[in-house]
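Step one of this worksheet: look at the structure below.
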Amino acid sequence: TLLKVLGKVFRPTAGTVSIEGRVMSTANMAVGMEAEATGIENITTRGLLLGMRLHEIRDHIDEIADFTELGDYLSMPLRIYSTGMLTRLAFATVTAMEADVLLMDEVIGTGDSAFMEKAEKRLKEFMNRSRILVIASHSDHVIRSLCNKAALLSHGCLLHFGDVEAVMRTYTA
């Protein structure tokens, strides 16, 4: 819910939200994906829908294609892709963008361990180019490896905010 409020999908029921800069969300990986279009065509369409300029997409298309490891599948229609392939394509496109705030509901969870390592490295690179990552996760490893602050929420109420280890202790207790 917090990610949807920050992504302007929902309005807050109380209080206000103020965000400065370009916000990207990976909450709905299927947004902008067309089943009959190829992977390459979908990179362009999704990039445009996410606010990239055509020249930005062209500058990044080879790098996005390489990251996905989809090879010849990129010239085939998405209707033949597995869920994992779609996720790789969407993740690669989003993380190629320049954004101030990235909203994620869990980290990409598709692929073998080598791809997962590659995805985590790419996410860290994206974070270095961005100002803020807001991630919803139940994974201690993900939180500890990607976050410098944490918030513990329960039924819409903020129970604890601050240092990751302090919040993790509160969660565990």
Side-chain angles (χ1 to χ4, degrees), residues 1-33 43 46-53 56-57 60 63-64 67-68 83-173:
T1 303
L2 176 61
L3 295 179
K4 289 179 181 176
V5 169
L6 295 174
K8 298 183 181 178
V9 175
F10 293 163
R11 290 189 179 150
T13 55
T16 60
V17 175
S18 176
I19 300 174
E20 293 179 21
R22 186 187 229 179
V23 177
M24 291 294 112
S25 176
T26 63
N28 187 349
M29 290 290 193
V31 169
M33 297 291 207
I43 290 170
R46 184 160 169 78
L48 290 169
L49 287 172
L50 291 170
M52 291 175 85
R53 293 181 178 87
E56 288 178 285
I57 298 166
H60 291 283
E63 171 258 322
I64 292 168
F67 181 82
T68 67
T83 301
M85 293 166 77
L86 289 170
T87 301
R88 285 179 181 218
L89 186 64
F91 179 83
T93 304
V94 167
T95 55
M97 296 191 66
E98 297 297 323
D100 297 304
V101 180
L102 175 63
L103 308 175
M104 292 186 75
D105 188 4
E106 296 291 349
V107 176
I108 184 171
T110 302
D112 56 29
S113 61
F115 185 81
M116 293 301 294
E117 257 181 60
K118 187 172 138 174
E120 189 171 313
K121 181 179 181 228
R122 183 175 176 95
L123 183 56
K124 286 181 181 180
E125 289 168 359
F126 180 88
M127 288 172 53
N128 288 335
R129 294 190 326 265
S130 305
R131 291 181 5 202
I132 298 170
L133 167 70
V134 180
I135 184 167
S137 181
H138 294 96
S139 167
D140 293 2
H141 169 72
V142 167
I143 294 168
R144 285 186 169 106
S145 67
L146 297 178
C147 302
N148 58 16
K149 298 278 186 226
L152 177 59
L153 302 172
S154 179
H155 305 293
C157 295
L158 181 64
L159 300 180
H160 193 152
F161 176 79
D163 174 72
V164 171
E165 291 306 321
V167 173
M168 297 299 281
R169 283 191 299 275
T170 301
Y171 176 72
T172 303

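Quick caveat, the model's predicted, so the values are computed rather than measured. Both backbone and side-chain heavy atoms feed into the values below; hydrogens, waters and symmetry mates do not. Along the sequence shown, residues carry numbers from 1.
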With a cut-off of 3.5 Å and sequence neighbours excluded, list every side-chain donor-acceptor pair involving residues 162-173.
{"unit_1": "Asp163", "atom_1": "OD2", "unit_2": "Glu165", "atom_2": "N", "d": "3.1"}
{"unit_1": "Asp163", "atom_1": "OD2", "unit_2": "Ala166", "atom_2": "N", "d": "3.1"}
{"unit_1": "Glu165", "atom_1": "OE1", "unit_2": "Arg144", "atom_2": "NE", "d": "3.3"}
{"unit_1": "Glu165", "atom_1": "OE1", "unit_2": "Arg144", "atom_2": "NH2", "d": "3.1"}
{"unit_1": "Glu165", "atom_1": "OE2", "unit_2": "Arg144", "atom_2": "NE", "d": "2.7"}
{"unit_1": "Thr170", "atom_1": "OG1", "unit_2": "His160", "atom_2": "ND1", "d": "2.6"}
{"unit_1": "Thr170", "atom_1": "OG1", "unit_2": "Ala166", "atom_2": "O", "d": "3.2"}
{"unit_1": "Thr172", "atom_1": "OG1", "unit_2": "Met168", "atom_2": "O", "d": "2.9"}

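- Every residue two or more places apart in sequence or in another chain was checked for a salt bridge (charged side-chain N to carboxylate O under 4.0 Å, His left out) with Lys149, and none qualifies.
- Two residues are said to be in side-chain contact when any heavy atoms from C-beta on lie closer than 4.5 Å; Ser25 and Leu3 fail this criterion.
- Contacts classified as salt bridge (Lys or Arg N to Asp or Glu O under 4.0 Å) and involving residues 150-161 (residues at least two apart or in different chains) are not found.
- Contact detail for Arg122 and Ala92: the closest heavy-atom pair is NH2-O, 2.8 Å.
- Side-chain contact between Leu89 and Met33: present, with at least one pair of heavy atoms (C-beta onward) separated by less than 4.5 Å.
- Rounding to the nearest 0.5 Å gives a distance of 11.5 Å between CG of Leu102 and CG of Leu6.
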Side-chain atoms of residues 13-22: list all donor-acceptor pairs with protein atoms under 3.5 Å, sequence neighbours left out, distances to 0.1 Å.
{"unit_1": "Arg22", "atom_1": "NH1", "unit_2": "Glu98", "atom_2": "O", "d": "2.8"}
{"unit_1": "Arg22", "atom_1": "NH2", "unit_2": "Gly51", "atom_2": "O", "d": "2.3"}

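- Partners of Lys118 under the salt bridge (charged side-chain N to carboxylate O under 4.0 Å, His left out) rule, at least two apart in sequence or in another chain, are Glu69.
- With values rounded to the nearest 0.5 angstrom, Met52 atom CE is found 7.5 Å from Thr93 atom OG1.
- By the side chain to side chain contact (heavy atoms under 4.5 Å, CB included) test, His141 pairs with Glu120, Ser139, Ser145, sequence neighbours left out.
- To the nearest 0.5 Å, the span separating CZ on Phe10 from CG on Leu2 amounts to 11.5 Å.
- Ionic pairing of Glu117 and Lys121 is not present here: no N-O contact between side-chain nitrogen and carboxylate oxygen is shorter than 4.0 angstrom.
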